[in-house]
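Each remark here refers to the structure printed beneath this line.
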Amino acid sequence: MSSETGSEEAVGSSRVIKSVFFALLLDLLGFTLILPLLPSILDHYGQTEDGVYQSLQSIVDWFREAVGVPMETKYNSVLFGGLIGSLFSLLQFVSSPLTGAASDHYGRKPLLILTTLGLMSSYAVWAVSRSFSMFLLSRVIGGICKGNVSLCTAMIADLPCPKARNKGMMMVGIAFSLGFTVGPLMGAYFAINSSKEEVFYHGPAVLALVFSAADLLFIIGENENVTSGIQESGDLLNPVALFHFSALTRTEDPPSKEKMQNLKVLGLIYFTYLFLFSGLEFTLSFLTHQRFQFTSMQQGKMFFFMGITMALIQGGYARRIKPGHHIRTVRLAIILLIPAFALIGLAWNLKMVYIGLILYSFAAAIVVPCLTTLVSDHGSANQKGTVMGILRSLGALARALGPIVASSVYWIAGAETCFIISSTSFIIPLVLLRRLGGLKQE
């Protein structure tokens, strides 16, 4: 009887993993279409007299002068894009824990449908936008509604078997690698081949809307059980409470003191890692343009190389990591980041850069999926959405702050100093990992 039950659980888990993978892949393909177009979109609106654009440009000019960034169009586009990206991440920081907690009460599927409808509206606004104000509105709507990732990881966290959860989190990582590799290429292709009668970003915007609509239809066709339990919003909006996962302590069945302590440490590791990683990731485009005179096409080829390398690592190595081995794997990946970023920061030729990028890609493929798997072991069935939503929120906050701090250090102290300081700072999450020595995963 137990073997039959186990077989049914395995089949059910496999079905959930496949559903999450395809739903997330469709979502990410739509989301990443805009990435290679953002500099061109900003240049396009820079030629207009839009008041909102000019207001944001004044903020970028103030920051550029404060840290000594050269007055070049390329750097201005990167900084302006970083400002838009930070706004998007801050909105995710606010919305992700609320979305996760709501899914614990109303179920994953209804919230997935709601957030996907919100994303569809953001893409529709983008498609018809003819002013920067409308474009910015589409990004704001998208930032508020981009809860699909935390909801999908919560669905994986709901799985009863640690082995299935591990496989599911790795498939989430593969979906990210494929989405961030294929999506930008499709966006660039449709923009280049747009007709002269329409604005260049109209085709990619419509395609993003199509992907999102397909995602909605796929989600509606799936079955999903509704869980119960919702938290007060105060603990989901207070940054200090988020770092302490305080919302879980007010539930009927809160995790044990040891579990809560491990959860706090995991959240801090996740935040610290992404804060450092996203900052160096953002300044990478500065370094390659400044030192090696990379064009936008060369930048695209570099990120394509990184995406393919990550997908190969996740498909070949990461998904075979056994339960109980995640901490040591994360430790290895973070250790490799130290020489990776040091090589990139000190590189005087492209061979050194690409050796560093291979090590970088290994860590990018491993750390977040493994940490997410570890976090998913915490909380009861009606708390998983809250847990994963808070984790996603901490990551969004790190991605909002990391690029600002790293780019400031880069232009004030220089590329070498920035990359060396940041790479050695990865010792901090390594030290925090030692506090998880007693963590049990099974």
Side-chain angles (χ1 to χ4, degrees), residues 11-35 37 88 92 95-96 98-100 102-129 137-159 167-169 171-187 189-191 201-227 311 384-385 388-389 392:
V11 171
S13 295
S14 179
R15 186 164 53 245
V16 169
I17 291 170
K18 289 178 182 177
S19 297
V20 166
F21 174 78
F22 284 112
L24 192 55
L25 181 59
L26 287 169
D27 173 70
L28 291 170
L29 285 173
F31 172 71
T32 56
L33 287 169
I34 194 176
L35 296 182
L37 311 180
F88 191 90
Q92 282 190 285
S95 64
S96 289
L98 295 173
T99 303
S103 76
D104 283 339
H105 181 69
Y106 299 107
R108 313 290 184 229
K109 182 175 176 178
L111 265 295
L112 273 172
I113 291 173
L114 184 62
T115 55
T116 304
L117 284 170
L119 287 174
M120 287 179 65
S121 68
S122 76
Y123 296 140
V125 172
W126 178 30
V128 300
S129 66
L137 176 63
S138 74
R139 301 304 292 166
V140 170
I141 297 172
I144 294 171
C145 298
K146 194 72 178 74
N148 299 42
V149 175
S150 60
L151 292 173
C152 285
T153 53
M155 291 175 69
I156 297 297
D158 291 335
L159 299 177
K167 180 183 176 182
M169 292 302 175
M171 291 302 291
V172 167
I174 293 174
F176 263 89
S177 295
L178 291 176
F180 276 81
T181 301
V182 178
L185 290 176
M186 296 179 70
Y189 174 81
F190 277 87
Y201 57 76
H202 180 75
V206 171
L207 183 60
L209 181 59
V210 170
F211 276 130
S212 195
D215 193 20
L216 179 65
L217 293 175
F218 182 79
I219 293 167
I220 291 174
E222 294 298 306
N223 294 320
E224 189 258 338
N225 294 324
V226 178
T227 54
K384 298 292 188 182
M388 303 315 296
R392 180 72 179 169

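As a basis for the values below, the full set of heavy atoms in this structure was taken, side chains included, without hydrogen atoms, waters or symmetry mates.
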Applied to residues 201-210, the side-chain hydrogen bond (donor to acceptor under 3.5 Å, both in side chains) test, sequence neighbours excluded, yields Tyr45-Tyr201
Distance-only check: which donor-acceptor pairs under 3.5 Å involve side-chain atoms of residues 206-219, not counting sequence neighbours?
none

dist Ile220:CD1 -> Leu112:CG (nearest 0.5 Å) comes out at 11.0 Å
Closest heavy-atom pair, Gly142 versus Ser122, reported as atoms and distance to 0.1 Å, is N-CB, 3.6 Å
Between the CE atom in Met388 and the OG1 atom in Thr99, the distance rounded to the nearest 0.5 Å is 14.0 Å
Which label fits Phe180 and Phe176: parallel for a plane angle under 30°, tilted from 30 to 60°, or perpendicular past 60°?
parallel
Q) So, is the end of the Lys146 side chain (NZ or CZ) under 6.0 Å from the ring centre of Phe31 and within 45° of the ring's axis? A) yes
When rounded to the nearest 0.5 Å, the distance separating CE of Met120 from OG1 of Thr115 is 12.0 Å
Rounding to 0.5 Å, atoms CE (Met155) and OG (Ser150) come to a distance of 12.0 Å
message: When you compare the side chain of Asp27 with that of Leu24, does any pair of heavy atoms fall below 4.5 Å?
response: yes
Minimal heavy-atom distance between Pro184 and Gly179, with the atoms involved, is CD-O, 3.5 Å
Requested in this report: Decide yes or no for Pro204 and Leu37: does some side-chain heavy atom of the first lie under 4.5 Å from some side-chain heavy atom of the second?
Outcome: yes
Interatomic distance, CG@Leu25 vs CG@Leu29, rounded to 0.5 Å, equals 4.5 Å
Quiz prompt | Arg139 vs Ile34, side-chain contact (heavy atoms from CB on, under 4.5 Å): CA-CA, chis, key distance, verdict | solution = CA-CA 11 Å; Arg139 301 304 292 166; Ile34 194 176; 3.9 Å; yes
* Asked: Do Pro110 and Leu114 come within less than 4.5 Å of each other through their side chains, counting heavy atoms only?
  -> no
Taking Leu178's backbone N and O only, do any of them form a donor-acceptor pair with Thr181's side chain (distance below 3.5 Å, no angle check)? no
Do Arg392 and Val149 come within less than 4.5 Å of each other through their side chains, counting heavy atoms only? yes
Across all chains, not counting sequence neighbours, the ring-ring contact (aromatic ring centres under 6.0 Å, His included) partners of Phe21 are none
In this structure, OG1 of Thr153 is separated from CZ of Arg108 (nearest 0.5 Å) by 9.0 Å
